[in-house]
Amino acid sequence: MFLSTEAYPQAHRILGIVNATSHLMLPSEAIDSFESLDQLFSAVEEKLKERAAAKGADGVVNVRFNTNVANVQVAPKFLVLTGYGTMIQFIKPQKEAK
C-alpha cells in the first residue's frame, strides 16, 4: 500500500475516493503548539492506507491534506487534519494463452 501526492503512471483502475480525519486538542497551556500538527499526519496516513486496503486498493494517489484550527468558545482549540485521495488498483497484464 502506498500514498502519493501525484498520479501513478502504471495502468490502474480507479476505485473511488477515500478520506480520513484526525484531531488533537490543545490544552490552554499549549494553545500555540501548532507543531503538534505534525503527529496528526502519521495518524491520517495510516487511516487512509487501512481504509483503501479494505476496499482492495493497491494505493492512494493525488493525496491532499487540509488543516483547520477549530475554536470552541468554552473549550481549548482543536487541530484538525483531513486527508483524501483517489484509491487505485493496478491492472494486471493478462497472460497469453498458448
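Since we're looking at a predicted model, the values are computed, not measured.
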Chemist: Do Lys47 side-chain atoms and Thr21 backbone N/O form a donor-acceptor pair below 3.5 Å?
Modeler: yes
Chemist: I need the Asn19 CG to Met87 CE distance, nearest 0.5 Å.
Modeler: 9.5 Å
Chemist: Do Val60 and Thr86 touch side chain to side chain, with heavy atoms closer than 4.5 Å?
Modeler: no
Chemist: Which is it for Leu79 and Val69 under the side chain to side chain contact (heavy atoms under 4.5 Å, CB included) test, yes or no, and what are the steps along the way?
Modeler: CA-CA 5 Å; Leu79 299 179; Val69 178; 3.8 Å; yes
Chemist: Within a strict 4.5 Å, meaning less than it, do heavy atoms of the Asn62 and Tyr84 side chains meet?
Modeler: no
Chemist: Do Tyr8 and Phe2 have ring centres separated by under 6.0 Å?
Modeler: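 Ring-ring flag for Tyr8/Phe2: true, centres closer than 6.0 Å.
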Chemist: Between Gln89 and His12, is there a donor-acceptor pair closer than 3.5 Å when you use the side chain of the first and the backbone of the second?
Modeler: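 No, the answer is negative, given that no donor and acceptor are paired below the 3.5 Å cut-off.
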Chemist: Do Leu48 and Leu24 sit in one hydrophobic cluster, given that two such residues count as connected whenever their side-chain heavy atoms are within less than 4.5 Å of each other, even indirectly?
Modeler: yes
Chemist: Do Phe65 and Glu45 have side chains that get closer than 4.5 Å, going by heavy atoms?
Modeler: yes
Chemist: Find out if a path of hydrophobic residues (ILVMFWY) with successive side-chain heavy-atom gaps under 4.5 Å connects Leu3 to Phe41.
Modeler: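 Yes, same cluster.
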Chemist: Looking only at heavy atoms, which two atoms of Leu15 and Lys55 are closest? And how far apart?
Modeler: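 Of all heavy-atom pairs spanning Leu15 and Lys55, the closest is CD1-O, 3.8 Å.
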Chemist: Hey, are the side chains of Leu40 and His23 touching, using non-hydrogen atoms and a 4.5 Å cut-off?
Modeler: no
Chemist: Any chance you could measure Ile91, atom CD1, to Gln10, atom CD, to the nearest 0.5 Å?
Modeler: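 Ile91 atom CD1 to Gln10 atom CD measures 9.0 Å (nearest 0.5 Å).
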Chemist: Ala20 and Val44: which non-hydrogen atoms are nearest, and at how many Å?
Modeler: O-CG1, 3.8 Å
Chemist: What is the distance from atom CD1 of Ile14 to atom CD1 of Ile88, rounded to the nearest 0.5 Å?
Modeler: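 Interatomic distance, Ile14 CD1 to Ile88 CD1, rounded to 0.5 Å: 8.5 Å.
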Chemist: Please tell me if the side chains of Thr5 and Arg64 come closer than 4.5 Å, counting only heavy atoms from C-beta onward.
Modeler: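 Yes, side chains in contact.
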Chemist: Can you tell me how far OG1 of Thr82 sits from CG of Asn68, rounded to the nearest 0.5 angstrom?
Modeler: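 Rounded to the nearest 0.5 Å, the CG-OG1 separation comes to 8.0 Å.
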